[in-house]
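Notes follow the structure.
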Amino acid sequence: QEHLVESGGGAVQAGESLTLSCAAARDVFRVTTMGWWRQAPGKQRELVASTTGASESPTYSDSVRGRFTISRDNAKNTVYLQMNNLNAEDTAVYYCNAILKLASWSIPGEYWGQGTQVTVSS
């Protein structure tokens, strides 16, 4: 089953915006840390932004700070990444990551979304 479902990727022009969404499956018991990673060709996967809860301060990479905003809707177990003023350096496959507790009796584990391509053309 798909425990994390991503959406919102696509091809845009430089300077435009995109919003990515990642929703945990409805039957997931609890979601803790949620975040976004990306991997560009020839580079290692890097952390873009993460949040551990509604009141905690989000973490951003230096390259996106001030342009990207991470937020989450705990009632829907969904995390968003608002990406503004995109440039070619943002081109990558973006992956949602979360620590999920699938059931009340289960042990939390790390899960990844399928990945969504973001392509920014100059």
Side-chain angles (χ1 to χ4, degrees):
Q1 296 186 43
E2 291 183 316
H3 299 297
L4 296 172
V5 180
E6 301 183 36
S7 63
V12 298
Q13 301 292 320
E16 295 183 341
S17 300
L18 280 175
T19 299
L20 306 182
S21 299
C22 176
R26 294 181 63 186
D27 58 352
V28 171
F29 180 74
R30 189 170 71 212
V31 181
T32 55
T33 300
M34 300 191 78
W36 293 94
W37 297 64
R38 68 185 182 186
Q39 187 165 18
K43 297 183 179 180
Q44 293 186 324
R45 189 173 300 184
E46 64 173 345
L47 177 66
V48 177
S50 67
T51 178
T52 58
S55 60
E56 286 76 15
S57 299
T59 298
Y60 296 98
S61 69
D62 291 339
S63 62
V64 308
R65 188 176 295 108
R67 298 188 297 121
F68 291 11
T69 302
I70 187 172
S71 62
R72 62 190 291 176
D73 184 337
N74 291 326
K76 297 181 178 180
N77 287 335
T78 301
V79 64
Y80 306 92
L81 185 68
Q82 175 68 47
M83 304 183 294
N84 296 326
N85 194 25
L86 288 162
N87 57 64
E89 301 301 315
D90 297 315
T91 295
V93 177
Y94 285 71
Y95 297 91
C96 175
N97 172 265
I99 305 299
L100 305 179
K101 189 177 176 65
L102 301 183
S104 62
W105 59 86
S106 65
I107 300 174
E110 184 178 29
Y111 294 85
W112 292 88
Q114 186 68 31
T116 183
Q117 177 71 48
V118 173
T119 302
V120 184
S121 301
S122 300

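Just so it is clear, the values below take in all heavy atoms, side chains as well, and ignore hydrogens, waters and symmetry mates.
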Which residues satisfy the side-chain hydrogen bond (donor to acceptor under 3.5 Å, both in side chains) test with [X], sequence neighbours excluded?
X     : answer
Asp90 : Arg38, Arg67
Arg65 : Asp62
Gln44 : none
Ser61 : Ser63

Q: Only pairs at least two apart or in different chains count here, so list each ring-ring contact (aromatic ring centres under 6.0 Å, His included) that has a residue in residues 58-89.
A: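 Every pair satisfying ring-ring contact (aromatic ring centres under 6.0 Å, His included) with a residue in residues 58-89: there are none.
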Q.
Applying ring-ring contact (aromatic ring centres under 6.0 Å, His included) as the test, list every pair that has at least one member in residues 89-119; sequence neighbours left out.
A.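 Matches after skipping sequence neighbours: His3-Tyr111, Trp37-Trp112.
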(Q) Checking one residue: Ile107. Which other hydrophobic residues are in its cluster under the side-chain 4.5 Å linking rule? (A)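 None, because no other hydrophobic side chain comes under 4.5 Å of this residue.
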Q.
Can you list, by chain and residue number, the hydrophobic cluster partners of Ile99 when the side-chain cut-off is 4.5 Å?
A.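 Via sub-4.5 Å side-chain contacts, Ile99 links to none.
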Q: Please name the pair of heavy atoms, one in Val64 and one in Val48, separated by the smallest distance, quoted to 0.1 Å.
A: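 That would be CG2-O, 3.7 Å.
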Q: State, to 0.1 Å, how close Val31 and Val28 come at their nearest heavy-atom pair, and which atoms those are.
A: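 Between these two residues, the closest heavy atoms are CG2-CG1, 4.0 Å.
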Give every donor-acceptor pair under 3.5 Å between a side-chain atom in residues 114-122 and any protein atom, sequence neighbours left out.
unit_1: Thr116; atom_1: OG1; unit_2: Gly9; atom_2: N; d: 3.3
unit_1: Gln117; atom_1: NE2; unit_2: Ala92; atom_2: O; d: 3.4
unit_1: Gln117; atom_1: NE2; unit_2: Thr119; atom_2: OG1; d: 3.3

Report, one line per pair, each donor and acceptor closer than 3.5 Å where one atom sits in a side chain of residues 12-23; sequence neighbours left out.
unit_1: Glu16; atom_1: OE1; unit_2: Gln13; atom_2: N; d: 3.0
unit_1: Ser17; atom_1: OG; unit_2: Asn84; atom_2: OD1; d: 3.0
unit_1: Thr19; atom_1: OG1; unit_2: Gln82; atom_2: OE1; d: 2.4

Q) Residues in side-chain contact (heavy atoms from CB on, under 4.5 Å) with Arg30, at least two apart? A)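 Result, side-chain contact (heavy atoms from CB on, under 4.5 Å) vs Arg30: Thr32, Lys101.
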